Number of protein chains: 2
Amino acid sequence: MYTLAEENYLKAIFHLEQEYNKPVPTNAIAEKLAMKASSATDMVQKLSDKGLLNYRRYKGATLSDEGKKVAAIIIRKHRLWEVFLVEKLNFQWDEVHPIAEQLEHIQSDELINRLDAFLDHPDYDPHGDPIPDKNGVIKTAEKKVLSELTKGQVGVLVGVRETSSEFLQYLDKRDIAIGTKIRVLGREFFDGSMVLQVRKEQFFISKKIAENLYIQI
Amino acid sequence: MYTLAEENYLKAIFHLEQEYNKPVPTNAIAEKLAMKASSATDMVQKLSDKGLLNYRRYKGATLSDEGKKVAAIIIRKHRLWEVFLVEKLNFQWDEVHPIAEQLEHIQSDELINRLDAFLDHPDYDPHGDPIPDKNGVIKTAEKKVLSELTKGQVGVLVGVRETSSEFLQYLDKRDIAIGTKIRVLGREFFDGSMVLQVRKEQFFISKKIAENLYIQI
DNA sequence: AAATTAATTTAGACAAAACTAAATATATGA
DNA sequence: TCATATATTTAGTTTTGTCTAAATTAATTT
């Protein structure tokens, strides 16, 4: 098995690869993990030697197939624990991340299989992110950022990009949650702000908000 | 907070203190944690400097009040997780120890409070051991080792001393569990073996078994 | 294209927690 | 009580994962 530090690097690189769609710079890894670039270089070299990363000096790193699988299993555990915390222990969705960050490192396949069954094999975590299966396969649903929709389009909120407490509480306050139906009533080209219809009410939202909501049409 | 290694030492010393009822020798600590005596000495000195242990060179260590509390909270977490694993995830009682050993180090008071509530504030873990309260206070029930009972005495199984899989499976196979009523039909002084009545059946058990069952009269 | 800036890597140091081997207390037995 | 055996500690080393500072490579600007 892998050390705590190794697991954290693999997970970070997994997430960064989705942003970059090309090799992830050492600096980005270091920043994500709140460490110095030299530390990231060291660990990237070590993980590369172990066959978990493809890495070329000065060129950044990508996960190998093996690395991708290890990362996906960690993310699977993280998201299953988040479901547990929200569904069974009644945590708010903005409180669970730091706890799941610890729980994701518990080593026991049997535990995760049983937790998965106990939770009725959920497909998504409380933030709408898909839960990888046992083999690390992630089904990525077709989804758009709300800010890409045009006047008149209707969709359902399926996920959030930001996961800060502030943002999640902003949504809670307005009773906007995963599954909420949203209609675009208008769009302002000048500042990217939008007017939405949610249930019976109208909402004005800024561009920044619109860019952090994932919608399925 | 304390490191993983520190927590493991505190827990080990807590358990050993109950066996010894006097300062615990360095060697015993090392053995319990499967480490060399020199490593134990190092850590004991460090924990002593931090005020968690009372330690005198060559004389062994005891937990300070603070150390006792920290250890009790770790044990509280361990036992609550064991209840969760058995009651909610349907693990057998002989499978849970290694997993709880990892889960006991998760840091979140809120998590433990909610887990405790989710499990209906259990008083005992699946092996019959009492669960310390939030403040680390353990209520120790009056209990005897089965081998101390004499012919004719009746009691209820409230705990086990051994927790190896082999032993727990031995009990499972005979349908003896926490809460099972036991009557002593006879006792052989020569080898310490006993004849018991459990439900409608008679059981013959060796001294070794009798010494590992805790009974409440 | 050369000079400057930014990103990355290397080299060397440190802390934590383990180890081995040697030194020193303590306990035991003749 | 003295000698020996056992337990414990000390000293010095190793590994992991971090750091700082210096060196090197790549990217950008003039």
Side-chain angles (χ1 to χ4, degrees), chain A residues 1-14 16-17 19-63 67 70-71 74 101-102 104-105 107, chain B residues 1-14 16-17 19-63 67 70-71 74 101-102 104-105 107:
Chain A
M1 287 308 93
Y2 302 98
T3 66
L4 188 61
E6 287 171 341
E7 290 200 350
N8 283 333
Y9 273 92
L10 291 173
K11 189 174 57 128
I13 294 166
F14 185 99
L16 289 167
E17 242 188 286
E19 272 181 45
Y20 281 79
N21 287 311
K22 62 184 162 188
V24 180
T26 309
N27 254 3
I29 300 169
E31 194 188 6
K32 178 139 222 169
L33 294 169
M35 288 193 283
K36 300 297 170 179
S38 55
S39 308
T41 299
D42 282 352
M43 184 58 95
V44 160
Q45 289 173 342
K46 181 174 146 198
L47 291 173
S48 175
D49 290 345
K50 289 194 180 191
L52 295 161
L53 298 180
N54 302 115
Y55 165 70
R56 282 173 44 228
R57 288 164 80 243
Y58 294 102
K59 299 294 180 188
T62 56
L63 292 167
V70 173
I74 298 165
E101 203 111 76
Q102 299 180 63
E104 72 193 4
H105 300 292
Q107 310 286 158
Chain B
M1 283 307 93
Y2 302 99
T3 67
L4 188 60
E6 287 170 341
E7 291 199 351
N8 283 332
Y9 273 91
L10 292 173
K11 189 173 59 129
I13 295 166
F14 185 99
L16 289 167
E17 243 188 285
E19 273 180 45
Y20 282 80
N21 288 310
K22 61 184 162 191
V24 180
T26 309
N27 254 2
I29 300 169
E31 193 187 7
K32 178 142 221 166
L33 294 169
M35 287 193 286
K36 300 297 169 180
S38 55
S39 308
T41 299
D42 282 351
M43 184 57 95
V44 161
Q45 288 173 343
K46 183 174 144 198
L47 291 174
S48 174
D49 291 346
K50 289 193 179 189
L52 295 162
L53 297 181
N54 302 114
Y55 164 70
R56 283 175 42 229
R57 286 164 83 246
Y58 294 102
K59 299 293 180 188
T62 56
L63 292 167
V70 173
I74 298 165
E101 203 111 78
Q102 298 179 64
E104 72 192 4
H105 301 292
Q107 308 288 2

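Note: hydrogens, waters and symmetry copies are ignored here, and every other heavy atom, side chains too, is used. All values derive from a computational prediction rather than experimental measurement. In the text below, chain A, chain B and the rest are named by the order of the sequence lines, each starting its count at 1.
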[X], [atom1]: over 12 other non-hydrogen atoms inside 6.0 angstrom:
{"X": "A/Glu6", "atom1": "CD", "result": "yes"}
{"X": "A/Gln102", "atom1": "CD", "result": "yes"}
{"X": "B/Lys32", "atom1": "NZ", "result": "yes"}

For A/Pro23, check side chain to side chain contact (heavy atoms under 4.5 Å, CB included) against everything at least two apart and list the hits.
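Expected list: A/Thr62.
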Has A/Gln45 got a side-chain N or O lying under 4.0 Å from the OP1 or OP2 atom of C/dT10?
yes
For nucleotides 17-25 of chain D, just jot down a letter per nucleotide in 5' to 3' order: B, S or -, based on protein non-hydrogen atoms under 4.0 Å.
SBBBB--BS
Within this structure, what is the [atom1]-to-[atom2] distance between [X] and [N], rounded to whole angstrom?
{"X": "A/Glu31", "N": "C/dA7", "atom1": "CD", "atom2": "C1'", "value": "13 Å"}
{"X": "B/Leu53", "N": "D/dT8", "atom1": "CG", "atom2": "P", "value": "15 Å"}
{"X": "A/Lys59", "N": "D/dA26", "atom1": "NZ", "atom2": "P", "value": "6 Å"}
{"X": "B/Ile29", "N": "D/dA7", "atom1": "CD1", "atom2": "P", "value": "15 Å"}

So B/Tyr55 and B/Thr41, do their side chains get closer than 4.5 Å, heavy atoms only?
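When only atoms from C-beta onward are counted, B/Tyr55 and B/Thr41 do touch, with a gap below 4.5 Å.
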Minimum side-chain heavy-atom gap A/Glu7-A/Leu10 below 4.5 Å
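With C-beta onward as the side chain, the pair stays apart.
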